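Notes to accompany the following structure.
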Amino acid sequence: RDITIPFFAGFRLLGFKFRTLDPDDPDENKYINSKGLLNGGYLFGISDGLTEVVIFESEIDALHAKGLGVETATATAGGAVTEAQAKDAYRRGIRRFFLLLDNDKYGYEYTERSVKTIMAAGGKVFVASIPVDYKDPDEFLAEHTIDELRAAVKKAIPALAYLYRGDLAESEMDNFAEWIEQREQEKARAEEIENTIERLKKLKDEQRYNEAVALMSEAGGKLKTESEAEEFRRVFAPPSGDTYDALLSNLNEGLPTSY
């Protein structure tokens, strides 16, 4: 093997990775782990005391960037960020994760999986990119400065934009900020509808029907919702047909529905 790489996570030396530089070697033979070193448990080279990291795919990418001054550089050690890696990083205090994986079909797949895994662990995720002419950050740094790589990371887009980039491209909105605002409004509206339904159920259980009618009228006007009679019956479930008809006749704007 041409290179021996110590595998650190924080101050712990977990083992060594041995890497060949022979371009004719297949990808699966490029790295060999020392005994006991398992992939996927920790991000390669992660340091304690940080609040954000830049995650590359390979150790070589991370070492190249770290050697040029990017102290936050880490690597998945091949593949997507695992649940164990995300949780360990979050436990260490990392809250912002910048992904810059390889420029190939596998790198794109790993990026999408990594975004979802890190978000599930509680982290804020951003996705950076380099020109498609370069397979990975190591190739990019062979022809560009570290400041240019830093600039690419600074231009990283939020995970939400990355995951729904197709929706954004097809939308009629002029910019990402407008798109995000619309999604936030939709989320807030859905949450308010759910909260209203829970309050209605509570009022029904307590037989506070007049308050329920007032709430439905207020919510219907505010949220601009419409409802069929069956939806009203399902959510509010009044005790008798007469009560149901009386309550329904007092509704001006309809009952908010869950969706």
Side-chain angles (χ1 to χ4, degrees), residues 1-9 16-33 39-40 42-47 50-82 85 89 94 96-115 117-118 123-163 165-166 168-169 175-176:
R1 294 286 144 171
D2 300 298
I3 300 177
T4 299
I5 303 172
F7 196 109
F8 280 93
F16 296 88
K17 301 200 78 169
F18 308 99
R19 206 254 199 212
T20 180
L21 298 179
D22 187 346
D24 295 326
D25 268 1
D27 288 345
E28 59 268 23
N29 292 336
K30 281 185 178 179
Y31 289 92
I32 293 178
N33 291 1
N39 288 335
Y42 303 89
L43 289 173
F44 168 78
I46 190 169
S47 300
L50 300 176
T51 57
E52 64 182 44
V53 289
V54 181
I55 303 176
F56 301 98
E57 194 170 324
S58 78
E59 296 90 338
I60 296 298
D61 294 334
L63 286 171
H64 198 162
K66 195 179 284 283
L68 293 173
V70 182
E71 293 300 322
T72 55
T74 64
T76 66
V81 174
T82 67
Q85 288 172 333
I94 307 299
R96 287 158 54 91
F97 298 76
F98 293 83
L99 295 170
L100 184 50
L101 306 188
D102 287 1
N103 255 343
D104 55 28
K105 68 175 184 177
Y106 297 110
Y108 304 145
E109 291 173 6
Y110 296 154
T111 297
E112 186 159 327
R113 284 164 49 190
S114 297
V115 164
T117 299
I118 296 170
K124 292 184 178 180
V125 194
F126 303 84
V127 180
S129 62
I130 53 176
V132 294
D133 300 335
Y134 301 95
K135 178 184 178 296
D136 54 39
D138 184 50
E139 279 191 9
F140 179 83
L141 285 172
E143 298 182 10
H144 296 268
T145 67
I146 192 62
D147 286 336
E148 289 175 294
L149 185 71
R150 285 195 177 100
V153 173
K154 285 183 179 179
K155 292 179 182 177
I157 62 174
L160 187 64
Y162 183 82
L163 291 178
R165 57 198 180 281
L168 182 59
N175 56 61
F176 173 68

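None of these values were measured; they are calculated from a predicted model.
When all heavy atoms of F140 and P131 are compared, the pair lying nearest together is CE1-CD, 3.8 Å. In plain terms, the two heavy atoms of F126 and P158 that are nearest each other are CD2-CA, 3.8 Å. Of all non-hydrogen atoms in A152 and S129, the two that sit nearest each other are CB-O, 3.6 Å. Taking both residues in full, the closest heavy atoms of A75 and A62 are given as CB-CB, 3.9 Å, listed atom of the first, atom of the second, then distance. Minimum interatomic distance between A159 and V115 (heavy atoms only, all atoms of both residues): CB-CG1, 3.5 Å.
Residues satisfying the salt bridge (charged side-chain N to carboxylate O under 4.0 Å, His left out) test with E52, not counting sequence neighbours, are R96. By the side-chain hydrogen bond (donor to acceptor under 3.5 Å, both in side chains) test, E57 pairs with no residue at all, sequence neighbours left out. With sequence neighbours left out, Y106 forms a side-chain hydrogen bond (donor to acceptor under 3.5 Å, both in side chains) with no residue at all. For the salt bridge (charged side-chain N to carboxylate O under 4.0 Å, His left out) test, residues two or more places apart in sequence or in another chain that qualify with D147 are R150. Contacts of D102 classified as salt bridge (charged side-chain N to carboxylate O under 4.0 Å, His left out), with partners at least two apart in sequence or in another chain: K135.
Distance check: T74 OG1 to Q85 CD gives 8.5 Å after rounding to the nearest 0.5 Å. Here OH of Y110 is found 9.5 Å from CG of L101. Values are rounded to the nearest 0.5 Å. Put simply, CG on D104 and CD on E109 are 9.0 Å apart, with the number rounded to the nearest 0.5 Å. Taking CG from L99 and OH from Y162, the interatomic distance works out to 8.5 Å, rounded to the nearest 0.5 Å. The distance from the CD1 atom of I94 to the OG1 atom of T51 is 6.5 Å, given to the nearest 0.5 Å. T111 OG1 to N103 CG: the interatomic distance, rounded to the nearest 0.5 Å, is 9.0 Å.
Two residues are said to be in side-chain contact when any heavy atoms from C-beta on lie closer than 4.5 Å; V54 and L149 fail this criterion. Side-chain contact check for F44 versus S58: every heavy-atom pair is 4.5 Å or farther apart. Between D61 and L141, the closest side-chain pair of non-hydrogen atoms is not below 4.5 Å.
Ring geometry for H144 versus Y134: interplanar angle over 60°, hence perpendicular rather than tilted (30 to 60°).
The closest donor-acceptor contact from the side chain of T76 to the backbone of L43 lies at 3.5 Å or more, if one exists at all.
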Worked verdict on D136 versus I60 for side-chain contact (heavy atoms from CB on, under 4.5 Å)
CA-CA 10 Å; D136 54 39; I60 296 298; over 6 Å; no

Output side-chain donor-acceptor pairs under 3.5 Å for residues 63-72, partner residues at least two apart or in another chain, one line each.
unit_1, atom_1, unit_2, atom_2, d
H64, ND1, D138, OD1, 2.6
K66, NZ, E71, O, 3.1
K66, NZ, A73, O, 3.1

